[in-house]
Amino acid sequence: MDTTPKSLRLQLAICGRINAGKSTLLNLISGQSAAITSPERGTTTDVVEKVMELRPLGPVVLLDTAGVDDDSPLGSQRTAGTRRAIERADAVILAITPGLWDNCELSVIALADERKIPVIPVVNFHHDMPDEKFLALIKEQCGTAPVTVCAANLDQRSSFLDKLTPVLMEKLPESLTTPPFLNDLIPENSLVVLMTPIDSQAPKGRLIMPEVTAIRDILDGHAVAVVAREDAFPEIYHKLNAKPALAVCDSQVVDKMIATTPADIPQTTFSILMSRAKGDIVEFASGCAAINFLKPGNKVLIAEACTHHAGENDIGKVQIPGLLQKKFPGIKIDFASGADYPEDLQNYQLLIHCGGCMLNRRAMLNRLRAARNAGVPVCNYGMCIASCKGVIEKVLSPFPEALQMYRNELDRMSKMM
């Protein structure tokens, strides 16, 4: 993600009047002192850019702008820069001072509306929370309930982002908030090998959706897909003139891929790729660590987004329960399919979710949020299988942030035991 060019990142312009706390907001969102802050008027003169990873949105560029009410000798040039920032923005974060609402804020909304850009109002207070009447006025004028924060208080960063990112997810088109499936992991003109079992679960005459998605994404990345059944390995590598940039397999044969693929080739599974395309791979990796600490009597929920008829070797109904109960005898397993998703998750020690082929990303993130609010770790099908088979770190290695989160959570939970 760090190498993602700016042109492929979401652009979020932070706008508002002078001294509304725009630079302080940028620093809070980024978690760094990226912009100079001062009570002096007009501290920000040119647009300040900060690139970062904003989970679960992905790579973004934050644009800190000059105050729209800048009336200094160079004010017209500075506000022109603000307008240019709005021109390139996917969304505007409107910084608001409690009690102040006039043409300054309305002009930003008008500029954004002309360009069909969503506006997310953020009331930045210093001491006392703004009154409800003022917040209601903003919601009426903006069409969106404002997010409130004391941006100077860095302790509020986590809770603020938990409120801000769902609003961004709601307001931005899904096409802008969905990460690449895999083409950001591979260079152009490279080879990607796909190990694709053809079994009773595979639809007749077709490939399953993750496999089709992978092939299309490889082609979109100007790379070459080599697709073969698992019985073609390891001989397939001897037939290739170039070393593959990535190998991907179905979760049920992950141990065979690891055993038959040269260790220097990055490897992962279709389900793990789905975990970031449909959800939050870092949060799934964090939840995966909890598998290692299951005890007899613990309750596990296995959730699928679809309602397909389960076959005799179904991954969710048969394979995963078998792996878990063999490794952790005495655990209790419940199942949920389709829209039949429990409202109360607090009785579970772990939730294991499918890749989410039949859910849009927003729906999956809402399920993650519900589990987070209930204090229940969530793991992905592919990660669960890889963990039970002892190869989880290998298949997370193409995603350094997720791998590090898995290790951190594993260490944290080990110290608690």
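A quick note: this is a predicted structure, and the numbers were derived from the prediction, not measured.
- With sequence neighbours excluded, the residues that form a side chain to side chain donor-acceptor pair (under 3.5 Å) with Arg369 are Asn366.
- Residues Ile320 and Ile302 meet the side-chain proximity criterion, which asks for heavy atoms closer than 4.5 Å.
- Nearest heavy-atom pair, Ala13 versus Ala85, reported as atom, atom and distance to 0.1 Å: CB-O, 4.2 Å.
- Contact between Ala374 and Leu345 at its shortest, heavy atoms only, is CB-CB, 4.1 Å.
- Counting heavy atoms from C-beta outward, Leu100 and Arg17 have side chains that approach closer than 4.5 Å.
- Each of Val378, Ile352, Leu351 was evaluated against Leu301; a single residue qualifies, Leu351, per the side-chain contact (heavy atoms from CB on, under 4.5 Å) test.
- Counting heavy atoms from C-beta outward, Val300 and Phe328 have side chains that stay 4.5 Å or more apart.
- Note on residues 338-374: no pairs pass ring pair (Phe, Tyr, Trp, His ring centres under 6.0 Å), not counting sequence neighbours.
- Atoms SG and NZ, on Cys249 and Lys256 in that order, are 11.0 Å from each other to the nearest 0.5 Å.
- Side-chain contact check for Pro266 versus Leu185: every heavy-atom pair is 4.5 Å or farther apart.
- To the nearest 0.5 Å, atoms SG (Cys15) and CD (Glu105) are separated by 11.5 Å.
- The shortest side-chain heavy-atom distance between Arg276 and Phe284 does not fall under the 4.5 Å cut-off.
- Looking only at atom types and distance, the side chain of Tyr406 has no donor-acceptor partner in the side chain of Ser286 under 3.5 Å away.
- Gln252 CD to Thr269 OG1: the interatomic distance, rounded to the nearest 0.5 Å, is 11.0 Å.
- Under the side chain to side chain donor-acceptor pair (under 3.5 Å) criterion, Asp155 pairs with no residue at all, not counting sequence neighbours.
- For the pairing with Ile29, the side-chain contact (heavy atoms from CB on, under 4.5 Å) check across Ile93, Thr165, Leu12 returns one residue only, Ile93.
- Annotation for Val395 and Ala386: closest pair CG2-CB, 3.6 Å, computed over non-hydrogen atoms.
- Rounding to the nearest 0.5 Å places CD1 of Ile272 at 8.0 Å from SG of Cys288.
- No more than 12 heavy atoms of other residues, nucleotides or ligands shown are found within 6.0 angstrom of NZ on Lys332.
- Residues passing the side chain to side chain donor-acceptor pair (under 3.5 Å) test with Glu87 are Arg115, sequence neighbours excluded.
- Salt-bridge annotation for Asp250 and Arg229: absent, with no side-chain N of the basic residue lying under 4.0 Å from a carboxylate O of the acidic one.
- With a 4.5 Å cut-off on side-chain heavy atoms, Asn27 and Thr24 do not count as touching.
- Remark: Arg372 pairs with Glu283 by the side chain to side chain donor-acceptor pair (under 3.5 Å) rule, at least two apart or across chains.
- At a threshold of 4.0 Å, the pair Lys22-Asp64 does not count as salt-bridged, since none of the basic side-chain nitrogens sits closer than that to a carboxylate oxygen.
- Here the straight-line distance linking atom CG of Leu359 with atom SG of Cys354 works out to 6.5 Å at 0.5 Å rounding.
- Residue-environment remark: CE (Met358) stays at or below the threshold of 12 foreign heavy atoms within 6.0 Å.
- Side-chain atoms of Asn183 and Asp220 form no donor-acceptor pair, as typed in the model, at a separation below 3.5 Å.
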Please list every donor-acceptor pair under 3.5 Å in which a side-chain atom of residues 130-147 meets a protein atom from a residue at least two apart or in another chain.
{"unit_1": "Asp131", "atom_1": "OD1", "unit_2": "Lys133", "atom_2": "N", "d": "3.1"}
{"unit_1": "Asp131", "atom_1": "OD1", "unit_2": "Phe134", "atom_2": "N", "d": "2.7"}
{"unit_1": "Thr144", "atom_1": "OG1", "unit_2": "Lys171", "atom_2": "NZ", "d": "3.2"}

- What's the verdict on salt bridge (Lys or Arg N to Asp or Glu O under 4.0 Å) for Lys415 and Asp411, showing C-alpha distance, side-chain angles and the deciding distance? CA-CA 6 Å; Lys415 292 176 179 177; Asp411 183 60; 3.2 Å; yes
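- Taking a 6.0 Å sphere around CG of Asp264, one finds it holds more than 12 heavy atoms contributed by other residues, nucleotides or ligands.
- Here the closest non-hydrogen pair linking Leu350 and Gly287 is CD1-O, 3.8 Å.
- Proximity of Val122 to Ile96: side-chain heavy atoms (C-beta onward) are nowhere separated by under 4.5 Å.
- Counting all heavy atoms, side chain and backbone alike, Asn124 lies closest to Gly21 at ND2-CA, 3.5 Å.
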- Step by step, work out the salt bridge (Lys or Arg N to Asp or Glu O under 4.0 Å) result for Arg83 and Glu114. CA-CA 12 Å; Arg83 287 193 296 273; Glu114 287 174 11; over 6 Å; no
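- The two residues Ala277 and Arg361 make their nearest non-hydrogen contact at O-CD, 3.2 Å.
- Contact of the Val282 side chain with the Arg55 side chain is registered, since non-hydrogen atoms from C-beta on lie closer than 4.5 Å.
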